[in-house]
Amino acid sequence: MDNLDNRPHVLITGGTRGIGRAVAEELAPTHHLLIGGRDRDLAAAVAASFPSAEPFVADLTSGDDVAAAAGRIDRLDALVHSAGITAMGTVEELSRQTWREILEVNVVAVADLTSRLLPALRRARGQVVLINSGSGFFTNPGNSVYSASKFALRAFADTLREEERQHGVRVTSIHPGKVDTDMQRQIVGHQGGDYRADAYLTPESVARAVVFALGATPEAQVESLNVRPMAT
Ligand SMILES: NC(=O)c1ccc[n+]([C@@H]2O[C@H](COP(=O)([O-])OP(=O)(O)OC[C@H]3O[C@@H](n4cnc5c(N)ncnc54)[C@H](OP(=O)(O)O)[C@@H]3O)[C@@H](O)[C@H]2O)c1
């Protein structure tokens, strides 16, 4: 019989939708989930759909929200950063405000939340998984701000991995190609053309990469994984 108290605890930001929600579904049979989301009712409803879960309500752009929500956590075995946003546009078109918004969610909030949770993660010799992107390695016209945020996120992950090695905290970057989620609908909507769900990864395929990373034996660290669609 499963003892719910003995389950590893995992916080999934962006756990209400898309990839984060799929990660929650994959981990639900084995983990206690903290479902990250901005909308209290939605996060609570998603949490209620799993055997052992609770909402983690915070707008990640608010330092006060992050401090308050993180301050309530004293046990954590894994932190999965999936919350993220994008904006398309040429450098000529993008505003200072847009640069700030994207970098705030995709980089600044990740660093702040991780920093606040490091004491708990160190106690557990835990793991941090960052949902990065192919855009963390390469870019193309119209993708400067998103790609810059994901390059920065990769640098953050690489640095954190080396800093935390001595504390036993392991760090994984996962770099998916196009995934069939609301974010991909937004991108295709901006670019024009057909939304080809069957040509994209499913959120579940990315979630399985997260499960693989979290399942590494203690002496091993999955540093980076690329998951890309078969279709071009
Ligand atoms: N979709 C792709 O093709 C693709 C490819 C490569 C990498 N990625 C990366 O994968 C991650 C997940 O993307 P997705 O496609 O699953 O996106 P999504 O379906 O648009 O979901 C985004 C999630 O982030 C949360 N979020 C956004 N802003 C937030 C904020 N200020 N505070 C708290 N939560 C916030 C959303 O919560 P709310 O419900 O409250 O809005 C939602 O749960 C992102 O980091 C993205 O960059 C996506």
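Remember, predicted model here, so these are calculated numbers, not experimental data. This chain uses plain numbering: 1 for the first residue, then up along the sequence. As the structure lists them, so they are numbered: ligands from 1, and atoms in each ligand from 1.
Protein heavy atom nearest atom 4 (C) of ligand 1, with residue, atom name and distance: Val179 CG2, 3.9 Å. With respect to atom 41 (O) of ligand 1, the closest heavy atom belonging to the protein is Arg38 NH2, 2.5 Å. Nearest to atom 23 (C) of ligand 1 among the protein's heavy atoms is Gly14 CA, 3.9 Å. Closest protein heavy atom to atom 16 (O) of ligand 1: Ile19 N, 2.8 Å. Protein heavy atom closest to atom 11 (C) of ligand 1, with residue, atom name and distance, is Ser82 O, 2.9 Å. The shortest contact between atom 15 (O) of ligand 1 and any protein heavy atom is with Thr181 OG1, 2.5 Å. Summary of contacts: the protein heavy atom closest to atom 17 (O) of ligand 1 is Met183 CB, 3.8 Å. Regarding atom 5 (C) of ligand 1, its nearest protein heavy-atom neighbour is Gly177 O, 3.1 Å.
Contact between Asn106 and ligand 1 is absent, with no heavy atom of the residue lying under 4.0 Å from the ligand. Contact between Tyr146 and ligand 1 is present, with at least one heavy atom of the residue lying under 4.0 Å from the ligand.
Remark: ligand 1 atoms within the under-4.0 Å shell around heavy atoms of Ile131 are 9 (C), 10 (O), 11 (C), 45 (O). When each atom of ligand 1 is checked for a heavy atom of Ile85 under 4.0 Å away, the hits are 27 (C), 28 (N). The ligand atoms of ligand 1 that sit less than 4.0 angstrom from a heavy atom of Lys178 are 3 (O). Listed by number with element, the atoms of ligand 1 under 4.0 Å from a non-hydrogen atom of Ala58 are 32 (N), 33 (C). Close contacts of ligand 1 with Gly18, meaning ligand atoms under 4.0 Å from a residue heavy atom, involve 16 (O), 19 (O).
For the pair Arg75 and Asp77, the salt-bridge criterion is met [side-chain N within less than 4.0 Å of a carboxylate O]. Ion pairing of Glu164 with Arg122 is present here, as a side-chain N (NZ or NE/NH1/NH2) and a carboxylate O approach within less than 4.0 Å. In summary, Glu25 and Arg21 engage in a salt bridge, as defined by a charged side-chain N under 4.0 Å from a carboxylate O.
Using bins of under 30°, 30° to 60° and over 60° for the plane-to-plane angle, the ring pair Tyr195/Tyr200 lands in the perpendicular bin.
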- Item | Gln184 vs Val179, side chain to side chain contact (heavy atoms under 4.5 Å, CB included): CA-CA, chis, key distance, verdict | CA-CA 6 Å; Gln184 194 54 234; Val179 189; 5.8 Å; no
Go through it in stages, so that I can follow the logic: the residues are Asp64 and Ser62, the test is side-chain hydrogen bond (donor to acceptor under 3.5 Å, both in side chains), and I'd like the CA-CA distance, side-chain angles, deciding distance and then a yes or no. CA-CA 5 Å; Asp64 289 346; Ser62 160; 5.2 Å; no
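Donor-acceptor pairing under 3.5 Å is recorded for the side chains of Glu219 and Thr217. With 3.5 Å as the limit, one finds a donor-acceptor pair spanning the side chains of Asn143 and Ser135.
Not one N or O on the side chain of Arg116 forms a donor-acceptor pair closer than 3.5 Å with the backbone of Gly71. Side chain of Thr114 to main chain of Val110: a donor-acceptor pair is present (N/O by atom type, distance under 3.5 Å, no hydrogens or angles).
Nearest heavy-atom pair across Pro203 and Gly18 is CB-O, 3.9 Å.
Of all the heavy atoms of Pro203, none lies under 4.0 Å from any atom of ligand 1, so neither backbone nor side chain is involved. Under 4.0 angstrom from ligand 1, there are no non-hydrogen atoms of Leu201. Residue contacts with ligand 1 for His81 are absent, since no atom lies close enough (heavy atoms, distance under 4.0 Å).
Any N or O atom pair closer than 3.5 Å counts here, and Thr16 shares at least one such pair with ligand 1. Residue Leu60 has at least one nitrogen or oxygen atom sitting less than 3.5 Å from a nitrogen or oxygen atom of ligand 1, judged on distance alone.
The shortest side-chain heavy-atom distance between Leu79 and Val129 does not fall under the 4.5 Å cut-off. Between Asp180 and Leu201, every side-chain heavy-atom pair lies at or beyond the 4.5 Å cut-off.
Here the shortest heavy-atom distance to atom 45 (O) of ligand 1, taken over Lys150, His175, Arg21, belongs to Lys150. When Ala83, Gly136, Pro229, Ser62 are checked for heavy-atom proximity to atom 24 (O) of ligand 1, Ala83 turns out nearest. Summarising the contacts of atom 9 (C) of ligand 1 with Asp39, Val46, Ile174, Asn132, the nearest heavy atom is found in Asn132.
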Under 3.5 Å, which donor-acceptor pairs link side chains of residues 99-106 to any protein atom two or more places apart or in another chain?
residue	atom	partner	partner atom	Å
Glu101	OE2	Gln97	NE2	3.1
Asn106	OD1	Ile85	N	3.0
Asn106	ND2	Ile85	O	2.9
Asn106	ND2	Ser149	OG	3.0

